[in-house]
2 protein chains.
Amino acid sequence: MAATIKDIARETGLSLATISKYMNGGALREKNRIAIERAIKKLDYHVNEYARGLKSNKSRTVGVVIPELSNLFITQIISVMERILQEKGYSVIICDCQTDETRECRAVKFLMGKMVDGIINMPVCRDGRHLKPALEKELPVLLLDRPLEPLTGLVSCVLIDNEGAARAATRRLLELGHRDIGIIVGPKDIYTSQMRLEGYRRALEEYGIPVRQALIAYGDYTVQGGHQQIGRLLDTAPGMSAAFVTNYEMTLGALIAVNERGIAIPKELSLIGFDNLDLSMVARPRLTIVSQPLEEIGIQAARLMLERLSGEKGSPITVTLSSSIQEGESVRRL
Amino acid sequence: MAATIKDIARETGLSLATISKYMNGGALREKNRIAIERAIKKLDYHVNEYARGLKSNKSRTVGVVIPELSNLFITQIISVMERILQEKGYSVIICDCQTDETRECRAVKFLMGKMVDGIINMPVCRDGRHLKPALEKELPVLLLDRPLEPLTGLVSCVLIDNEGAARAATRRLLELGHRDIGIIVGPKDIYTSQMRLEGYRRALEEYGIPVRQALIAYGDYTVQGGHQQIGRLLDTAPGMSAAFVTNYEMTLGALIAVNERGIAIPKELSLIGFDNLDLSMVARPRLTIVSQPLEEIGIQAARLMLERLSGEKGSPITVTLSSSIQEGESVRRL
DNA sequence: TTAAAAAAATGAAACGTTTTGCTTTTAGCG
DNA sequence: CGCTAAAAGCAAAACGTTTCATTTTTTTAA
């Protein structure tokens, strides 16, 4: 049915090898190049990825394993990555493991069954066991947003300077005179939570202010979690003059709760949120937020993966991107 | 390196053809089946999808073309579809065309280059031109959420009864005595907008109430759009006692705006929102919403596609799912 | 017990590329 | 013009499956 390289060969009178060379960017005579191009157009030829994959052991496909698809932080990054990889002819298979280690493990195996050329992973499993099959096969592996201690030096990472971002946000509040600063972080065992909490601690230390457990709330990075935890803080730490919420969903939840309680921002409570998405453009007063460079994360991830895929060896790299604080009007000077 | 069917043949003393038969579920002698299974385990054999794809002209891959990846309605559906398709051994390649017809067209071609066995599409281009190459090749095509007039009878669809849902929501407000009901729909040229607006109109007609342009606002299905448009309605239609917002993002935007203005729900304004996501679980008072069966959409889409992929011909089917109203406390009796 | 029918296994030929080692053609130079 | 080196083109052999037409084995029936 569909035209093959053989048809092109017949049409042009050249050999298979020459056509193949053309398809892979080899050098050939001008008139042959033209003839081939004409034949390709005439016969509407497209390479058969399967024949090629079989021969070359490359699928031109990258697998992406994420904990959750319904998460704007993640989809925003994937969107960018996908576009870039696609421009280079790679397709992307996304596996949503639903924050489940077993599924994550299965996803890696599934992708290897699909013969992906590389894997990009925002890991759930903390010990990196799930990536073993890929590493054994020397597939390029790239970690997103969270490093994996046991894999240090073995795989590349694209990270955010979580600690620095949280420190800067907390400092900002301290500079403006706040002393009772609440923070809502994610689950205790998640890397980004730990780092953000650490940044908060460090900033307080710099100012010689004791860290009070009552001002630390552990959410679960969901809207509901943010809603609950800000409630908890407001109830149990009445002196709190400012709160720092450390991801987008929880910021949304917190904002809704604060509005419901009729608490005025920033008059009664200063708020610093997270992630530069719709929310920050919409809420009034405009939210002051820690803005993660989502697009840049995607770009760097795609770049690093493409470098690996094109055979550049070199040792694994960790790229750490820094967030910026985007000033709004949700923080006031005390 | 990796074990092939040949290795299994050698290990078991059987022929290639027999192993292949086993792999594809053919009938064979019990002892041979056992021997093969043992060999597979021993040699850690996995089929080479590329060799198989080359021979069989099947890629066991489904392409999904969507207007936007950072949209909870969409990702929620994809999540389910992907899980089901993956269970059947299919992988999914997602193409985010960014609501751009040119990109959408390119995405279809890209996917065909990747030799997908079928395409699931939430279409942007209204005339379905972009799907022509796929239809010509007789690839199974499935439309999601929006039918395409010119393709009626040619492709299957999974739809929501948008008109019915909007009518039910509007009726609900009418039953409770509301007469000045605002509605925020999406862009004028989008199918779901039109249907939802139509449902609103019909409900008003049933009650003999004239449709007033001042109560109809066109948003763009974004948080910001919802925020703006509810503002517009509140400003230009001061008598409005209830509002119906017709997607998740705009509901979020509207809710934020209403809270900012200190308007009490449902005392000063009754509100019906859309889509049963985090938001409705979190907002207080709990929102009354039109709840689309996101999971069911995913299930039906996966099912229909799988049926097609397994060769069942039959004529294209349109599955229309109905939404339900989930009662909260955001609507009051007038 | 044997012939016929049914079931299972087989060998070999594809599928559409890439690649390797050679051969032919072209270009450059004295 | 003829020689050489470099460039371009070629034939054939893979890659790991599936599938078809046969052959072999097993089961059934007489």
Side-chain angles (χ1 to χ4, degrees), chain A residues 1-37 39-40 43-61 89 91 112-117 137 309-311, chain B residues 1-40 43-61 89 112-117 137 309-311:
Chain A
M1 191 85 248
T4 76
I5 225 178
K6 268 185 198 158
D7 300 315
I8 305 289
R10 188 173 329 114
E11 179 80 16
T12 58
L14 296 164
S15 76
L16 294 189
T18 306
I19 317 294
S20 174
K21 203 194 239 175
Y22 169 86
M23 298 303 304
N24 295 286
L28 29 65
R29 222 148 281 162
E30 191 57 16
K31 62 169 182 152
N32 289 340
R33 156 165 286 127
I34 292 170
I36 292 177
E37 273 159 11
I40 287 180
L43 304 179
D44 188 34
Y45 168 80
H46 296 278
V47 289
N48 180 318
E49 295 279 349
Y50 284 78
R52 173 182 274 178
L54 172 59
K55 234 352 237 190
S56 61
N57 261 316
K58 303 250 164 301
S59 62
R60 293 172 154 268
T61 298
S91 43
M112 296 189 56
K114 290 292 178 181
M115 316 189 77
V116 294
D117 296 339
K137 242 187 131 193
L309 290 173
S310 66
Chain B
M1 192 83 251
T4 77
I5 227 179
K6 268 185 199 157
D7 300 314
I8 305 289
R10 189 173 327 115
E11 180 79 15
T12 58
L14 295 164
S15 75
L16 293 189
T18 306
I19 316 294
S20 174
K21 203 193 244 173
Y22 169 86
M23 297 304 301
N24 295 286
L28 27 65
R29 226 146 278 164
E30 190 57 17
K31 61 167 184 157
N32 289 340
R33 156 164 287 126
I34 292 170
I36 292 177
E37 273 159 10
R38 180 158 41 218
I40 288 180
L43 303 180
D44 188 33
Y45 168 79
H46 296 278
V47 290
N48 182 318
E49 295 278 349
Y50 283 78
R52 174 182 273 178
L54 172 59
K55 237 346 240 193
S56 62
N57 261 315
K58 302 251 163 301
S59 63
R60 293 172 154 268
T61 298
M112 295 190 56
K114 289 292 177 180
M115 315 189 79
V116 294
D117 297 339
K137 242 187 130 193
L309 290 174
S310 65

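Proteins get letters first, then strands, A, B, ... in listed order; numbering begins at 1 in each. Given the structure is predicted, the values throughout are model-derived calculations rather than measurements.
With sequence neighbours excluded, the residues that form a side chain to side chain donor-acceptor pair (under 3.5 Å) with B:Glu11 are B:Lys42.
Between B:Thr18 and C:dT10 there is a side-chain polar atom (N or O) within less than 4.0 angstrom of OP1 or OP2. For B:Ser15 and C:dA9, the shortest distance from a side-chain N or O to OP1 or OP2 is not below 4.0 Å. OP1 or OP2 of D:dT17 has at least one side-chain nitrogen or oxygen of B:Tyr45 nearer than 4.0 Å.
Here the P atom of nucleotide C:dT10 and the NZ atom of B:Lys21 are 9 Å apart, to the nearest Å.
For residues 52-61 of chain B, every residue pair satisfying the side chain to side chain donor-acceptor pair (under 3.5 Å) rule, not counting sequence neighbours, is listed here: B:Ser59-B:Asp117, B:Thr61-B:Ser91.
With contacts defined as side-chain heavy-atom distances shorter than 4.5 Å, the pair B:Ile36/B:Arg38 does not qualify.
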Restricting both atoms to N or O, compile the protein contacts to nucleotides 12-15 of chain C shorter than 3.5 Å, with distance only.
| residue | atom | partner | partner atom | Å |
| --- | --- | --- | --- | --- |
| C:dA14 | N3 | B:Lys55 | NZ | 2.8 |

Under 3.5 Å donor-acceptor pairs involving side-chain atoms of residues 16-28 of chain B, not counting sequence neighbours:
| residue | atom | partner | partner atom | Å |
| --- | --- | --- | --- | --- |
| B:Thr18 | OG1 | B:Ser15 | OG | 3.1 |
| B:Tyr22 | OH | B:Glu37 | OE2 | 2.9 |
| B:Asn24 | ND2 | B:Ser20 | O | 2.7 |

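For the 3.5 Å distance criterion, the side chains of A:Asp44 and A:His46 qualify, holding a donor opposite an acceptor.
Here the OG1-CG distance, from B:Thr12 to B:Leu43, works out to 9.5 Å after rounding to the nearest 0.5 Å.
Across all strands shown, B:Tyr22 has no heavy atoms under 4.0 Å from either base or sugar-phosphate atoms.
Side chain of B:Asn32 to main chain of B:Arg29: no donor-acceptor pair is present (N/O by atom type, distance under 3.5 Å, no hydrogens or angles).
The stretch residues 26-36 of chain B touches DNA chain C through B:Ala27, B:Leu28, B:Arg29, B:Asn32, each having a heavy atom under 4.0 angstrom from the strand.
Rounded to 10°, the helix from C:dT1-D:dA30 to C:dG30-D:dC1 has 30° between the axis fitted to its first five pairs and the one fitted to its last five.
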